[in-house]
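Here's the structure we're looking at; comments come further down.
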Amino acid sequence: MKQTTNFLMIAALTAAMFCACSTDDSFDNSLTPYVNGGTPQGGGTMGTGNGSATAGSGELLTFDINIDKTTAEPADVAVAYYPEDEDDISQNSFTTEIAIDMSNPVAKTENGVEITVNGGHVTANHGSEKSICYVVSGTTSNGSLTILGDKKYEVRLNGTDITNPDSAAVNLLSKKRAFIVLNGDNKVSDGTASKNDHKGAFYCKGKLLFSGSGSLSVYGNYNNGIHSADYILFSAGNNIYVNSTTNNGIKANDGIIVNGGILNVETSGSGAKGLNSEDDIVINGGRTTVIATGNGEWDIEDLETKAAACIKADSVLTIKGGEVYVKATGSGGKGLKADWEAYISGGKVRVVTEGGLYYSNGSQENHNYTGNTDNLDDNYTSSPKGIKVGTKNVHGVLTISGGDIMVRTIGTNGEGIESKGTLDVTGGSVMVSAHDDGINSSGDLTISDGTVVTVGTTNDGIDANGDMYLKGGTLVAFGAGGAEGGIDINEQKKLYISGTKIFGIGGRVDGSLGATTQGIITTSGSVNANQTVTVSNGSTTLATFTMPPYSYQNGTILVSVPGMTNGASYTISLANSITATASNTINGGMGGGMGGPGGGRP
């Protein structure tokens with residue numbers, strides 16, 4: 001988040017810790033930050049952090065996201081979630097089989113089921129009959145399958161290929177549960193035109209529940225790929241691929257649950273989403289891969305910009321297990337987005353955004369806007385975000401309590417992780433490399449456990465616009481230098497340190513320190529990419545930090561470790577080891593002056 005802040009003047013060498021956010025400038029899109037020197041606002045004191053970072057190598061900077069239909073789904077799963085017990089196919093029995101051959105459909109009445117045929121278009125109506133299982137096979141290039149009925153039912157896709165050039169290929173118009181069991185390889189596709197403005201190539205009015213060990217490929221060329229007016233559930237064993245060229249890959253009105261399976265989604269429409277739910281999204285297992293290549297667009301109804309997103313929940317996003325890989329390449333694109341709340345407690349998460357800042361006022365647009373945004377209406381821009389929770393009208397809640405998370409943003413104004421409200425890290429591993437802020441919260445930000453490594457290549461490493469509470473775990477934060485520091489606190493708020501191992505490097509210091517229970521060292525120096533930095537007291541090692549894949553030259557460094565005491569000397573193994581004296585106050589003087597460590601300043 002870009003803003004101009006005015007802080008209380010504090011010691012010069014605490015720049016790595018508290019830096020004022022800059023106003024928007026024209027940014028270089030490389031991973032090497034620019035240096036933004038100058039005089040601090042509000043009488044703050046410029047530290048020696050006018051250094052710069054240079055990208056090295058490592059998984060954080062090199063991982064990529066690709067569609068993968070062949071690698072086995074991961075074994076790391078959470079307990080499967082079913083909104084209702086009846087959603088579990090093992091709790092149901094569908095023993096009355098009705099065969100439908102789409103290559104040569106036959107009109108018939110069988111076991112209370114009426115099947116009508118119009119060319120290649122088949123309609124099956126089971127009325128009030130129970131335990132019906134439709135076994136569907138065969139190929140048609142101009143046909144469809146429509147199902148009606150007042151009872152739940154099963155559709156066993158048994159090696160079928162259905163293309164409907166004019167509407168939905170599979171049109172499940174019963175409002176009851178539809179259990180879709182995949183067997184063999186199956187394909188569903190619609191055309192670019194529609195006789196009835198259909199909502200998806202694979203459409204369901206009721207609950208849409210996938211299971212089985214086969215595969216399904218869905219191609220949405222007119223609207224969504226898969227769409228349910230209720231909720232959609234995916235199970236272990238599924239192998240599903242969805243490609244949508246105009247709208248969302250998978251859309252559900254009432255929720256999406258991924259209990260397992262392999263799920264690959266590609267979308268290319270402007271403003272399109274890969275997984276899009278008007279309610280919650282829950283991921284418990286499996287491997288979910290989403291690539292969204294669509295650009296931002298102007299919404300002529302809401303009169304604001306909209307951007308594409310890989311996974312978008314209008315309510316709550318929960319990730320408990322499995323693997324999630326998402327990449328947004330278009331302007332303003334988002335990786336993971338939740339309008340209300342997001343909870344990540346397990347699994348492996350990888351997020352990449354490559355697009356730039358999207359600008360439109362309804363008549364003009366720019367897909368890589370690099371100008372000043374201070375005086376622009378918020379409705380005119382959409383910034384790329386790796387993980388975003390909340391909206392301009394909703395104070396989001398983001399909690400990370402576990403999991404292995406990596407986020408990388410490359411394009412202009414791309415923030416790594418943002419919460420429009422509070423942000424809490426209580427466990428897990430979080431690594432971020434972002435063009436803008438690495439991690440940003442509009443409200444309070446708390447780290448009480450886990451490991452957080454964050455780099456803002458043109459802005460702050462971690463930025464709280466509320467109070468920041470560092471209670472435990474490990475934090476390594478790199479800022480861009482100059483006005484951008486490792487850790488930034490809002491001018492009206494404070495930083496509270498009571499148990500976190502902290503290493504920050506970056507630009508100037510402007511901030512206010514609340515209560516602290518451990519000593520603080522401020523100094524200047526350099527670190528190497530992926531270097532292991534130790535903090536020791538004589539022969540005793542107090543902490544070990546692993547640097548991100550960036551080398552930082554001539555930055556202002558702040559270190560704080562539980563057990564550090566005021567007045568004691570400690571050795572820090574930077575690119576060149578140094579000895580510095582710890583303090584436990586900012587306003588009363590920091591250990592280290594403009595000439596280097598150890599020279600206290602009033």
Side-chain angles (χ1 to χ4, degrees), residues 17 58-60 63 76 78 283 317-324 335-336 338 341-351 386-389 396-408 415-419 421-434 437-441 443-456 460-464 466-478 486-489 495-505 516-518 530 532-535 542-549 558-563:
M17 205 58 195
E59 183 185 356
L60 178 62
F63 76 87
D76 175 27
I283 299 176
L317 171 64
T318 302
I319 300 175
K320 295 182 178 180
E323 298 175 359
V324 178
L336 306 178
E341 300 171 11
Y343 301 91
I344 302 175
S345 59
K348 180 179 180 180
V349 179
R350 296 291 183 269
V351 180
I387 300 175
K388 180 181 179 181
V389 182
V397 174
L398 172 57
T399 299
I400 298 171
S401 58
D404 171 10
I405 303 166
M406 284 191 182
V407 178
R408 183 173 74 249
E415 285 190 322
I417 299 176
E418 180 191 41
S419 172
T422 60
L423 196 161
D424 294 274
V425 179
T426 65
S429 171
V430 181
M431 294 189 71
V432 181
S433 171
D437 289 339
I439 298 175
N440 181 290
S441 69
D444 291 350
L445 191 157
T446 303
I447 298 174
S448 55
D449 204 349
T451 299
V452 177
V453 179
T454 176
V455 180
D460 305 312
I462 189 167
D463 176 3
D467 291 319
M468 186 182 294
Y469 299 88
L470 302 180
K471 300 179 178 180
T474 300
L475 171 63
V476 177
F478 279 37
I487 302 174
D488 177 27
I489 310 298
L495 171 70
Y496 298 86
I497 301 175
S498 59
T500 300
K501 299 175 183 178
I502 305 165
F503 183 96
I505 185 169
T516 178
T517 60
Q518 60 199 52
N530 305 307
T532 298
V533 173
T534 60
V535 180
L542 297 182
T544 299
F545 300 93
T546 300
M547 297 296 103
L558 187 145
V559 175
S560 183
V561 175

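- With sequence neighbours excluded, no residue satisfies side-chain hydrogen bond (donor to acceptor under 3.5 Å, both in side chains) with Tyr496.
- In plain terms, the two heavy atoms of Gln518 and Thr500 that are nearest each other are NE2-O, 2.8 Å.
- Under the side-chain hydrogen bond (donor to acceptor under 3.5 Å, both in side chains) criterion, Thr534 pairs with Ser573, not counting sequence neighbours.
- Side-chain atoms of Thr454 come within 3.5 Å of backbone atoms of Gly461 as a donor-acceptor pair (strictly under, hydrogens ignored).
- Every side chain to side chain contact (heavy atoms under 4.5 Å, CB included) that Glu323 has, sequence neighbours left out, goes to Pro74, Arg287, Tyr325, Lys348.
- Side-chain atoms of Thr546 never come within 3.5 Å of backbone atoms of Thr532 as a donor-acceptor pair (strictly under, hydrogens ignored).
- Contacts of Ser419 classified as side-chain hydrogen bond (donor to acceptor under 3.5 Å, both in side chains), with partners at least two apart in sequence or in another chain: none.
- Residues Gly416 and Val407 approach most closely at O-CG1, 3.5 Å, considering heavy atoms.
- Note that CG of Asp424 and CG of Asp449 are 12.5 Å apart. Values are rounded to the nearest 0.5 Å.
- Remark: the backbone N or O of Asp437 is not paired with any side-chain donor or acceptor of Asp460 at under 3.5 angstrom.
- Between Gly386 and Val351 the shortest heavy-atom distance is O-CG1, 3.3 Å.
- Under the rule for a salt bridge (Lys or Arg N to Asp or Glu O under 4.0 Å), the partners of Asp404 that lie at least two apart in sequence or sit in another chain are Arg350.
- Of all non-hydrogen atoms in Pro548 and Val476, the two that sit nearest each other are CD-CG1, 3.9 Å.
- Here the CD1-OH distance, from Ile497 to Tyr469, works out to 13.0 Å after rounding to the nearest 0.5 Å.
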I'd like to know whether Leu336 forms a side-chain contact (heavy atoms from CB on, under 4.5 Å) with Val349, so could you lay out the CA-CA distance, the side-chain angles of the two residues, the decisive distance to 0.1 Å, and finally the verdict.
CA-CA 10 Å; Leu336 306 178; Val349 179; 4.0 Å; yes
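- If you take OG1 on Thr544 and NZ on Lys501, they are separated by 7.0 Å, rounding to the nearest 0.5 Å.
- Taking Ala342 as the reference, Leu317, Ala338, Val389, Leu398 meet the side chain to side chain contact (heavy atoms under 4.5 Å, CB included) condition, with sequence neighbours excluded.
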